[in-house]
Engineer: 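Below you will find the structure I want to go over with you.
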Amino acid sequence: MSVTTQGPSTGSVRAQSGAASKTPGSRSIAIVLFLSLGGLSFAVLQSLVAPALGTIGSDLGVATSDASWVLTAYLLSASVLTPILGRLGDMVGKRKVIIVVLALLLVGTVLAALAPNLGVLIVARVLQGAAGAVMPLSIGIVRDELPRERVSVTIGLLSAIFGIGAGVGIVAAGPIVEGLSWHWLFWLPAILVAIALLGAIFGIPESTRRTPGRLDLVGTGILSVGLVALLLAIGEGQKWGWGDGKTVGLLVLGAVALVVFVFVELRVKEPLIDMRLFQHRGVWTAHIVALAFGFAMFGTFILVPTLLQLPSALGYGFGKSVSESGLYLLPTVVAMVLSGVAAGILIRKIGPKIPMLIGGVAVAVAFIIPALGHAEEWQILVSGILTGIGIGMALAATSNAIVESVPAAQTSEAISANTVIRTIGSSIGTAVIAALLSSNVTAQGAPTDEAFTIGFWASAGVGVLAILAALVAPSLRARRREAAAAGVDDFAELEVDAPAK
């Protein structure tokens, strides 16, 4: 049965996607390679500096609390610029924007490697944060350029790479700092960024898909205020105090600004983020899963290394060095790679709902195991493998769920929103776990065994939230009906499974 696709319920799609010619196999492999390198570089830089904050602060002559702005600046920049650059990609061309993004990432990374003081390093990290748009732009390019039968698997791989990069950053930080210096935390990723940039310039074609229009400056300003206020409060709340006026004031400001942003976006002709996309069950359930997995991913990146590095004399620590503790995350990283690719294959056959559900179950069980007992190394390793399986499955499933639920001309915009939501989840997870560890300490100042147990249970609870959202997500047939109604016209399956008009 053929289907005449209609626009979203609120009006027509903002651009006609047109029939895009797909890239031949050999060139498509190069495209995926270059996009993977760009995504890996961004994700590695997101977490690579965290284990080295003390060293960076000491070398630059500042307190570790001040050096934490190296992380905060990166997070704020990525959160604000991701939706803006994603929208611009849909408007003027994803290749053009990803070239700009990778150029900013390269400049920021080289500047960070050369930074003589904290101020310059923070500016460099703000530039690096622009690369938060790499993932939504990459997924948009994959949807536009690759044959349909390869899209879900490739999106699964790219999605897994972002989780992998964060894990690699935690694993590699110790050996790099110990064997070289903290400056090499930036020099090494800069090599990958340079290759990715050259690949984008010479190896990625420009898509004909566009969403003509103007950038919503009012919405951009309101969203920026909301995200900066919210994430700054979450990031600094532990240091300032959760009841402090600054923390409470920023949380209120952030919440109010985000509510205002929704109302504004529903009324403007060309919104920064089309809030009507959130009404699709396939989209909002994917956002909830992304929020939960952002929490869980950074929960494990804090809990596991901290537990492993505590002295064994405490009775529950393992006495590992920074480098040794990082190696315990390698099984997690490997599991992410394998499960991300496997998820893409499953999604092509049965849709994203089941892989999303598998991911939620795997992560919930992964944290329940150490919550019940974490005195043995096997418990940590099994937990890490299950966490990798869960993250790889879920990130691939959420990205594919959104891609299959929105028109092609709005891919980068929709994935950008999902990326920001996952970033918020990561910030909340980091803040909550850090607060649990710092508020339950021994007389010597080390986190108590109970603190880790509570942290593992909290992360398991978030995994249950992901399971519930996955259960509510539409089935494959229901998703295709919703997609056809939303104007999705580039999936051949719609021709067969959607109801006749």
Side-chain angles (χ1 to χ4, degrees), residues 15 17-18 20-46 74 77-78 81-114 123-147 150-151 154-155 157-159 161-162 164-165 186-212 215 399 408-409 411-413 415-416 419:
S17 60
S21 60
K22 299 299 182 179
T23 306
S26 59
R27 192 172 183 185
S28 65
I29 293 173
I31 290 174
V32 174
L33 175 61
F34 297 137
L35 294 178
S36 298
L37 287 175
L40 181 65
S41 303
F42 169 77
V44 166
L45 286 165
Q46 184 178 18
Y74 189 80
S77 174
L81 293 178
T82 294
I84 297 171
L85 294 169
R87 174 75 175 103
L88 285 174
D90 285 335
M91 287 170 54
V92 304
K94 302 174 186 70
R95 174 183 173 273
K96 292 186 182 71
V97 177
I98 205 169
I99 288 172
V100 172
V101 163
L102 290 172
L104 288 173
L105 180 59
L106 181 59
V107 171
T109 305
V110 172
L111 183 61
L114 298 170
V123 171
R125 293 288 282 174
V126 170
L127 291 174
Q128 291 174 17
V134 166
M135 181 172 184
L137 291 170
S138 296
I139 289 176
I141 289 171
V142 165
R143 184 177 185 179
D144 291 350
E145 301 301 328
L146 267 61
R150 296 183 58 189
V151 170
T154 305
I155 290 176
L157 176 63
L158 290 176
S159 300
I161 281 173
F162 279 82
I164 292 162
F186 302 105
W187 283 124
L188 294 177
I191 298 171
L192 298 180
V193 179
I195 297 172
L197 176 58
L198 292 173
I201 294 172
F202 299 107
I204 296 179
E206 185 60 81
S207 172
T208 58
R209 297 184 186 273
R210 296 285 193 282
T211 310
L215 187 65
S399 296
T411 302
S412 296
E413 170 189 348
I415 296 292
S416 293
T419 302

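Just so you know, these numbers come straight off a predicted model, no measurement behind them.
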Engineer: Do Leu111 and Phe186 come within less than 4.5 Å of each other through their side chains, counting heavy atoms only?
Structural biologist: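 No, their side chains stay 4.5 Å or more apart.
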Engineer: Return yes if some donor-acceptor pair links the side-chain N/O of Arg125 with the main-chain N/O of Thr109 below 3.5 Å, else return no.
Structural biologist: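 Side chain of Arg125 to backbone of Thr109: no pair is present.
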Engineer: Mind listing the closest non-hydrogen atom pair of Ala124 and Ala112 along with its distance?
Structural biologist: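 Scanning both residues completely, I find the closest heavy atoms to be CB-N, 3.5 Å.
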Engineer: Distance from Thr154 atom OG1 to Ile141 atom CD1, nearest 0.5 Å?
Structural biologist: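 Reported value, rounded in 0.5 Å steps: 12.5 Å.
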Engineer: Below 4.5 Å, heavy atoms only, C-beta onward: do Ile204 and Leu35 meet side chain to side chain?
Structural biologist: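 Ile204 reaches Leu35 side chain to side chain.
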Engineer: Is Leu85 close to Ser416 at the side-chain level, that is, under 4.5 Å between some pair of heavy atoms?
Structural biologist: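 Not touching, per the 4.5 Å side-chain cut-off.
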Engineer: Which atoms form the tightest heavy-atom contact between Ile415 and Pro136, and what is the distance?
Structural biologist: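 Looks like CG2-CA, 3.4 Å.
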Engineer: Heavy atoms only: give me the nearest Ala200-Leu102 pair and the separation to one decimal.
Structural biologist: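 Smallest interatomic distance, heavy atoms only, reads CB-CD1, 4.0 Å.
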Engineer: Taking all non-hydrogen atoms of both residues into account, name the closest pair between Val101 and Ala131 and its distance.
Structural biologist: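 Distance-wise, the nearest heavy atoms are CG1-CA, 3.4 Å.
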Engineer: Tell me, do Leu81 and Leu104 make a side-chain contact under 4.5 Å, heavy atoms counted?
Structural biologist: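 Side chain of Leu81 against side chain of Leu104, heavy atoms only: no contact under 4.5 Å found.
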Engineer: Between Val100 and Leu88, is the side-chain contact (heavy atoms from CB on, under 4.5 Å) condition met? List the steps.
Structural biologist: CA-CA 11 Å; Val100 172; Leu88 285 174; over 6 Å; no
Engineer: Taking the side chain as everything from C-beta on, heavy atoms only, tell me whether Arg143 gets closer than 4.5 Å to Ile139.
Structural biologist: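 No, too far: nothing below the 4.5 Å cut-off.
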Engineer: Between Met135 and Ser399, which heavy-atom pair has the shortest distance, and what is it?
Structural biologist: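 Nearest pair, atom of Met135 first, then Ser399: CE-OG, 3.4 Å.
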Engineer: Can you name the nearest heavy-atom pair linking Phe42 to Ala78, along with the distance?
Structural biologist: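 Minimum heavy-atom separation between Phe42 and Ala78: CZ-CB, 4.3 Å.
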Engineer: Nearest 0.5 Å, what's the CD1-CG distance between Ile195 and Leu198?
Structural biologist: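 Going from CD1 on Ile195 over to CG on Leu198, the span is 8.0 Å.
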Engineer: Is any side-chain heavy atom of Trp187 closer than 4.5 Å to a side-chain heavy atom of Leu114?
Structural biologist: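 Result yes, sub-4.5 Å side-chain heavy-atom pair found.
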Engineer: Less than 4.5 Å apart, any side-chain heavy atom of Leu105 and any of Leu197?
Structural biologist: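 The answer is no; the side chains never approach within 4.5 Å.
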